[in-house]
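Working notes, beginning with the structure itself.
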2 protein chains.
Amino acid sequence: MDYQEAKDKFISTWGSLGSLWGINKAMAQIQALLFISTKPLSMEEIMEDLKISRGNTSMNLRQLMDWGIVTKTLVAGERKEFFTTEKDVQELARIVAKERSRREIKPVIKVLEEVSSIENDGTEKTKELIKQTKALHELTETMDVMINKLVDQKQNWITKSVLKLFK
Amino acid sequence: MDYQEAKDKFISTWGSLGSLWGINKAMAQIQALLFISTKPLSMEEIMEDLKISRGNTSMNLRQLMDWGIVTKTLVAGERKEFFTTEKDVQELARIVAKERSRREIKPVIKVLEEVSSIENDGTEKTKELIKQTKALHELTETMDVMINKLVDQKQNWITKSVLKLFK
DNA sequence: ACAAACTTTCAATAATTACTGAAAGTTTAA
DNA sequence: TTAAACTTTCAGTAATTATTGAAAGTTTGT
């Protein structure tokens, strides 16, 4: 496998994996491209490399910036904008975890809270609804807390703290 | 908010959340319906309650069974099949985590392994590709190990072991 | 103030993914 | 063995989501 093959394989795998961490294909591919690039890339270069349109590139770069994963960089003497991504995988993981918690988990917790606190009219089905949504609420909240604690650890929590705990 | 409202809200929220744990809307809704039901439900009842077609119900029930989340139950004196879901949230979380690891994370780890072991021809870009995919490989593998360790704990790992660690 | 260089927006379109419903298949009771 | 009761399959269609490309918008140098 030569460089080009390896690069393509990485970008396409990472792209199709997008769904796992909650973003779309183009977004994941742009991030992947930047992640293995040795220098900031312009919109032009990204479009050409991934064979996607200008509009698509622009919109997905914006989203990546919203997530805080990609930043604009100025390159001396160049007028156009260049982009780079966070290169540290741990920091990347932290950003993604935090964003997903905020965007997806938190709203669910809110609904589970609401649903599980309806008035208990004593019927079987109401009791079951309350019981089960409460259990789900508790689980979801615990996982969310866990994710955010992990994410707040600034050092390599993953290799240090966690692994040894489950030895 | 009365029972029906609460029920609908729960099912639709859980349904749209499907993407978070990697399954589609109908599948998540069926699971949600069974999760708060006080008794096993037939295909007929599921179709009616969720207003989805017979075919859709059948296919999604099969998928839920493939995941190991839903099981067929025989109801005495009834000819048709009835379905129930795992009612314990912790066991549910365990099943989902294990399945996602197997279906999604493991294959990615394999690709990252391949890509990160291409021959180092000494060029800048090859070195960067190797370095970055290696870092990603390590991270992904560690998370996968972590998930599987968590998942193997048969007791309420979540409240006990984990929370206190990140106090 | 102008225009070149560049970026963003968004309506139209394409690609993907989910859903339906009827036909084919299977199981069970008599 | 038959037929009623039930389940599965799958081609066609609908719904959703992603992408394009050209027009509108913005910025910068002169």
- Message: Taking donor-acceptor contacts at under 3.5 Å, does the side chain of A:Arg79 reach the base of D:dT27?
- Response: yes

- Which parts of residues 7-17 of chain B get close to DNA chain C, meaning a heavy atom less than 4.0 angstrom away? none

- Among all residues two or more places apart in sequence or in another chain, which pass the salt bridge (Lys or Arg N to Asp or Glu O under 4.0 Å) test with A:Lys131? none

- Query: Which of residues 58-76 of chain A have a heavy atom under 4.0 Å from DNA chain D?
  - Reply: none

Filtered N/O pairs between nucleotides 12-17 of chain D and protein, under 3.5 Å:
none

- Query: In chain order, what residues pass the side-chain contact (heavy atoms from CB on, under 4.5 Å) check against B:Met47, with sequence neighbours excluded?
  - Reply: B:Arg54, B:Thr57

- Specify the closest pair of heavy atoms between B:Val108 and A:Trp14, including all atoms of both residues, with the distance to one decimal. CG1-CZ3, 4.2 Å

- Note on the structure: Those residues at least two apart in sequence (or on a different chain) that pass salt bridge (Lys or Arg N to Asp or Glu O under 4.0 Å) with A:Lys39 are A:Glu45

- Rounded interatomic separation in angstrom, taking CG from A:Asn56 and P from D:dG21: 11 Å

- How would you give the extent of chain B contacts on DNA chain C, as first and last nucleotide 5' to 3' within a 4.0 Å heavy-atom cut-off? C:dA18 to C:dT28

- Query: What residues join B:Leu74 in its hydrophobic cluster, counting side-chain heavy atom gaps under 4.5 Å, either direct or through other members?
  - Reply: none

- Note on the structure: Note: with side-chain heavy atoms under 4.5 Å as the link, the other cluster members for B:Phe82 come out as B:Val75

- For A:Lys9, which residues count as a salt bridge (Lys or Arg N to Asp or Glu O under 4.0 Å) partner, sequence neighbours excluded? B:Glu114

- Note on the structure: Axis-to-axis angle across the helix from C:dA1-D:dT30 to C:dA30-D:dT1, five pairs each end, nearest 10 degrees, ~ 20°

- Would you kindly compare A:Lys80 and A:Gly55 by the position of their nearest DNA chain C nucleotide and give the one closer to the 5′ end? A:Lys80

- Message: Output the rounded distance in Å from CD1 (A:Ile52) to P (D:dG21).
- Response: 12 Å

- Within residues 33-44 of chain A, the residues having a heavy atom closer than 4.0 Å to DNA chain D are none

